[in-house]
Amino acid sequence: MAQPFLIDIDAILRSKMGDKAKWVPGFLVNYLKRIVHQDWLNEFILLEGDKVGVPWIKDCLEFCDIKLKVEGLENLPDDSDGRRFTFVSNHPLGGPDGLALGLIIGEHYEGRIKYLVNDLLMNLSGLAPLFVGINKTGKQSRDFPRMVEAVFGSDNHVIMFPAGICSRKIDGVIQDLDWKKTFVTKSVETHRDIIPIHFGGRNSDFFYRLANVTKALGIKFNIAMLYLVDELYKNQHKEFTIKIGKPIPYEKFNRDKTPVQWAALVRDIVYKL
């Protein structure tokens, strides 16, 4: 059995920063290792060995003792006729929500799923086969349209969090930012019905305060993202409710509204579930 790919903050910094990584202070590197719970993650990765995909997700949720209460399973459409679908959800947690949807949808459709995700998540080797990693700000950004085309043109169901980042506290309410239109335009082009999903949950007050402070300071880098594993760690031993809505036919998304307006409408549908 091949040695599983372990999380290595030093190596990730080198891959992202090149020679500049050596100038990152040691205390900061050690702090990063603590907040991403490098040893905890690697404990699980070693337990899993070479297991990947949906079985890996199932074991991960069990390792974290995260339980799911799912409503609306009857709304998952049959794909025996070759149809493929786009599943869209709010993104309150930035970790367990993605794992949970992967488990529910992946088990139902025998692993035929793909996510579009931040390319940092490609370091999770057990999930990498299900991911298409996107670096929207780096050199890879020019390939983003091509990669989206490939995913939607594939024989896989697509799972998306159209806000792009996990929810923030806005006007005192934990909610997604505006949803991007990509899931609408590409679903129409590839004749995919859209299934709305609501995930109930929240991160810590610290997470939301940090996100709002960095925004107020005009810091463009998503610092809060660095704490998502820490939030996953805190969300151990909890139960989350997932509500699956009725499929929305792709034909509905006509020219009566712009794709941005349709995306906002689907977002509203999700929050009403």
Side-chain angles (χ1 to χ4, degrees), residues 72 75-77 79 83-95 97-98 100-102 104-105 113-119 121 131-137 141-154 156-171 173-203 208 211 215 220 222 224-225 242-273:
N75 291 325
L76 294 178
D79 71 344
R83 290 185 301 160
R84 296 296 178 257
F85 307 102
T86 303
F87 296 85
V88 295
S89 172
N90 62 315
H91 202 16
L93 304 181
D97 39 7
L101 295 193
I104 295 164
I105 299 166
I113 58 172
K114 285 288 185 183
Y115 302 79
L116 285 167
V117 301
N118 187 294
D119 71 324
L121 293 175
F131 286 168
V132 174
I134 304 295
N135 179 359
K136 295 182 181 180
T137 59
S141 61
R142 68 175 68 95
D143 292 330
F144 179 66
R146 178 185 60 79
M147 298 172 80
V148 172
E149 291 281 349
V151 170
F152 276 89
S154 74
N156 295 290
H157 301 288
V158 179
I159 299 174
M160 292 189 70
F161 296 99
I165 60 175
C166 65
S167 303
R168 301 293 192 253
K169 182 175 279 189
I170 304 169
D171 298 327
V173 178
I174 296 168
Q175 58 181 299
D176 278 3
L177 302 180
D178 291 340
W179 280 18
K180 298 176 177 61
K181 66 181 181 180
T182 301
F183 78 95
V184 173
T185 56
K186 302 314 296 182
S187 294
V188 171
E189 286 180 20
T190 55
H191 294 182
R192 291 171 176 261
D193 293 347
I194 292 173
I195 292 83
I197 300 175
H198 182 267
F199 192 101
R202 57 162 293 161
N203 282 326
Y208 298 117
K215 179 182 178 182
K220 293 183 178 181
N222 185 6
M225 178 183 64
I242 298 154
K243 297 181 180 180
I244 303 170
K246 295 185 181 299
I248 306 171
Y250 71 87
E251 295 93 342
K252 178 180 177 67
F253 302 101
N254 55 34
R255 294 187 178 181
D256 290 348
K257 300 180 187 298
T258 66
V260 171
Q261 290 171 327
W262 281 123
L265 180 64
V266 177
R267 180 186 185 277
D268 289 343
I269 290 172
V270 163
Y271 278 104
K272 289 176 181 176
L273 288 174

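Computed from heavy atoms alone, side chains included, the values below leave out hydrogens, waters and symmetry copies.
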S.K.: Enter the distance from Asn156:CG to Asp79:CG here, rounded to the nearest 0.5 Å.
M.R.: 10.5 Å
S.K.: Hey, does Asn254 have a side-chain heavy atom less than 4.5 Å from the side chain of Val188?
M.R.: no
S.K.: Apply side chain to side chain contact (heavy atoms under 4.5 Å, CB included) to the pair Asp193 and Arg83, showing each step before the final yes or no.
M.R.: CA-CA 9 Å; Asp193 293 347; Arg83 290 185 301 160; 3.5 Å; yes
S.K.: Verify whether one side chain among Asp176 and His91 offers a donor that lies under 3.5 Å from an acceptor in the other.
M.R.: no
S.K.: Give the minimum heavy-atom separation between Lys181 and Ala263, together with the two atoms involved.
M.R.: CA-CB, 4.1 Å
S.K.: Can you establish whether the number of heavy atoms outside Asp178 located under 6.0 Å from its atom CG is more than 12?
M.R.: no
S.K.: Rounded at 0.5 Å granularity, tell me how far NE2 in His198 sits from CZ in Arg267.
M.R.: 10.0 Å
S.K.: From Leu273 CG over to Lys246 NZ, what is the distance, rounded to the nearest 0.5 angstrom?
M.R.: 10.5 Å
S.K.: Please examine the side chains of Arg168 and Cys166, heavy atoms only from C-beta on, and report whether any two atoms are closer than 4.5 Å.
M.R.: yes
S.K.: Can you measure from CZ (Phe199) to CD1 (Ile104) and round to the nearest 0.5 angstrom?
M.R.: 8.0 Å
S.K.: How about Gln175 and Tyr271: do any of their side-chain heavy atoms sit closer than 4.5 Å?
M.R.: yes
S.K.: What pair of heavy atoms forms the shortest contact from Ser89 to Phe161, and how long is it?
M.R.: O-CD2, 3.5 Å
S.K.: Could you check whether any side-chain N or O of Arg192 sits under 3.5 Å from a backbone N or O of Phe152, counting only pairs where one atom can act as donor and the other as acceptor?
M.R.: yes
S.K.: Mind listing the closest non-hydrogen atom pair of Asn203 and Pro92 along with its distance?
M.R.: ND2-O, 3.3 Å
S.K.: Starting at NZ of Lys114, measure out to CD1 of Ile159 and round the result to the nearest 0.5 Å.
M.R.: 11.0 Å
S.K.: Walk me through it: do Thr86 and Val184 pass the test side chain to side chain contact (heavy atoms under 4.5 Å, CB included)?
M.R.: CA-CA 9 Å; Thr86 303; Val184 173; over 6 Å; no
S.K.: If I compare all heavy atoms of Phe253 with all of Ile248, which pair ends up nearest, and what's the gap?
M.R.: CZ-CG2, 3.6 Å
S.K.: State the CG-CH2 distance between Asn90 and Trp179, to the nearest 0.5 angstrom.
M.R.: 6.5 Å
S.K.: Among Ile244, Val158, Ile105, find the residue that satisfies the side-chain contact (heavy atoms from CB on, under 4.5 Å) test when tested with Phe87.
M.R.: Ile105
S.K.: Over 60° means perpendicular and under 30° means parallel, so tell me whether His191 and Tyr250 are parallel, tilted or perpendicular.
M.R.: parallel
S.K.: Hey, is the main chain of Ile174 close enough, under 3.5 Å, to the side chain of Lys169 for a donor-acceptor pair?
M.R.: no
S.K.: Do the side chains of Ile195 and Asn75 get nearer than 4.5 Å, heavy atoms only?
M.R.: no
S.K.: Which atoms form the tightest heavy-atom contact between Pro196 and Val270, and what is the distance?
M.R.: CB-CG2, 3.7 Å
S.K.: Heavy atoms only: give me the nearest Trp262-Lys252 pair and the separation to one decimal.
M.R.: CZ2-O, 3.2 Å
S.K.: Within the distance-only criterion (no hydrogens, no angle test), does the side chain of Asp268 pair as donor or acceptor with the backbone N or O of Val266 below 3.5 angstrom?
M.R.: no
S.K.: Do Phe85 and Pro247 come close enough that some side-chain heavy atom pair is under 4.5 Å?
M.R.: no
